[in-house]
Amino acid sequence: MRKSVITLLCVLALPTLSSAANMREGLWEIQSQVDMPGMPVKVKPTVVRHCYTKEDVKDQKKVIASDNSCKVTQMKSSGNKVNWTMKCTAPNAATMTGETVFGTDSYSSVMRMNSAGHSMTTKVKAKRVGNCP
């Protein structure tokens, strides 16, 4: 279970959604905080940096499902808000739902995941911090 959670956290740390109109290419800093009810230890917040190219930000589904075992099954946009559902297959089988709200060079997301009878909520805040190295 721990390995599955860590792998899924890596997937979820990436931006959950993008579009050419809302997300700019460049270097992004992504902060995530996971809440897993019933876990004896609280998961520490993570901060990662990721470089997105023009090609990366063109395809919403490609950015959401950065793991080949995951597929976006539903997506609905309204203004700068996007709601989505994603299903992942083994070895990290899970169903995730989320909402992402975009600003000019930032976004925030709330994602809920159910996997093997466990659930967790991840809150993400991301900001563009410059150009890619």
Side-chain angles (χ1 to χ4, degrees):
M1 174 67 182
R2 182 180 166 113
K3 185 177 180 185
S4 294
V5 169
I6 291 169
T7 301
L8 286 170
L9 288 175
C10 291
V11 170
L12 297 174
L14 296 175
T16 54
L17 264 210
S18 70
S19 93
N22 293 327
M23 184 176 172
R24 293 195 314 152
E25 66 181 283
L27 184 62
W28 284 72
E29 184 174 272
I30 304 143
Q31 299 178 8
S32 61
Q33 175 63 56
V34 176
D35 179 31
M36 294 178 60
M39 289 297 284
V41 178
K42 186 173 180 173
V43 179
K44 293 182 181 180
T46 61
V47 178
V48 297
R49 285 190 169 201
H50 188 77
C51 185
Y52 290 96
T53 66
K54 284 182 184 180
E55 291 301 312
D56 292 333
V57 300
K58 283 183 182 178
D59 184 355
Q60 294 177 344
K61 289 182 180 180
K62 181 179 171 184
V63 175
I64 295 170
S66 61
D67 183 322
N68 290 334
S69 68
C70 298
K71 181 179 179 184
V72 175
T73 58
Q74 291 181 314
M75 192 169 16
K76 182 179 179 183
S77 300
S78 177
N80 66 339
K81 188 183 297 185
V82 181
N83 292 289
W84 52 268
T85 300
M86 179 169 46
K87 293 195 181 214
C88 300
T89 57
N92 300 312
T95 300
M96 292 174 252
T97 59
E99 178 177 274
T100 303
V101 179
F102 289 97
T104 305
D105 283 329
S106 65
Y107 67 86
S108 61
S109 295
V110 175
M111 298 170 278
R112 291 169 183 80
M113 181 192 81
N114 291 305
S115 176
H118 300 281
S119 64
M120 72 179 188
T121 301
T122 303
K123 294 181 181 178
V124 175
K125 290 187 180 192
K127 62 182 176 180
R128 187 177 185 278
V129 293
N131 295 324
C132 292

Which atoms form the tightest heavy-atom contact between C51 and L27, and what is the distance? N-CD1, 4.2 Å
Side chain to side chain, K76 and V82, heavy atoms closer than 4.5 Å: no
Does T89 use its side chain to pair, donor to acceptor, with the backbone of S69 at less than 3.5 Å? yes
How many angstroms lie between atom NZ of K71 and atom CE of M86, to the nearest 0.5 angstrom? 13.0 Å
4.5 Å side-chain heavy-atom contact, M96 and W84: yes
Test M120 against every option in N114, V34, V43 by the side-chain contact (heavy atoms from CB on, under 4.5 Å) rule and name the one that passes. V34
Closest non-hydrogen atom pair between S115 and A93, with its separation: OG-O, 2.7 Å
Heavy-atom closest contact (T95 atom, T85 atom, distance): CG2-CG2, 4.4 Å
Decide yes or no on side-chain contact (heavy atoms from CB on, under 4.5 Å) for N83 and M75, but give the supporting numbers first. CA-CA 6 Å; N83 292 289; M75 192 169 16; over 6 Å; no
Can you tell me if Q33 uses its side chain to pair, donor with acceptor, with the backbone of T46 under 3.5 Å? no
Carboxylate-amine/guanidinium proximity below 4.0 Å for D105 and K127: no
Between S109 and V124, is there a donor-acceptor pair closer than 3.5 Å when you use the side chain of the first and the backbone of the second? no
Measure the acute angle between the ring planes of Y107 and W28, then classify it against the limits of 30° and 60° as parallel, tilted or perpendicular. tilted
Side-chain donor/acceptor of R128 to backbone N/O of E25, under 3.5 Å: yes
From I30 atom CD1 to S106 atom OG, the distance as rounded to the nearest 0.5 Å: 12.5 Å
In one Ile/Leu/Val/Met/Phe/Trp/Tyr side-chain cluster, 4.5 Å: V48, Y52: yes
Worked verdict on T121 versus V110 for side-chain contact (heavy atoms from CB on, under 4.5 Å): CA-CA 7 Å; T121 301; V110 175; 4.0 Å; yes
Begin with the C-alpha distance, continue with both residues' side-chain angles, and end with the deciding distance and a verdict on side-chain contact (heavy atoms from CB on, under 4.5 Å) for K81 and E99. CA-CA 7 Å; K81 188 183 297 185; E99 178 177 274; 3.3 Å; yes
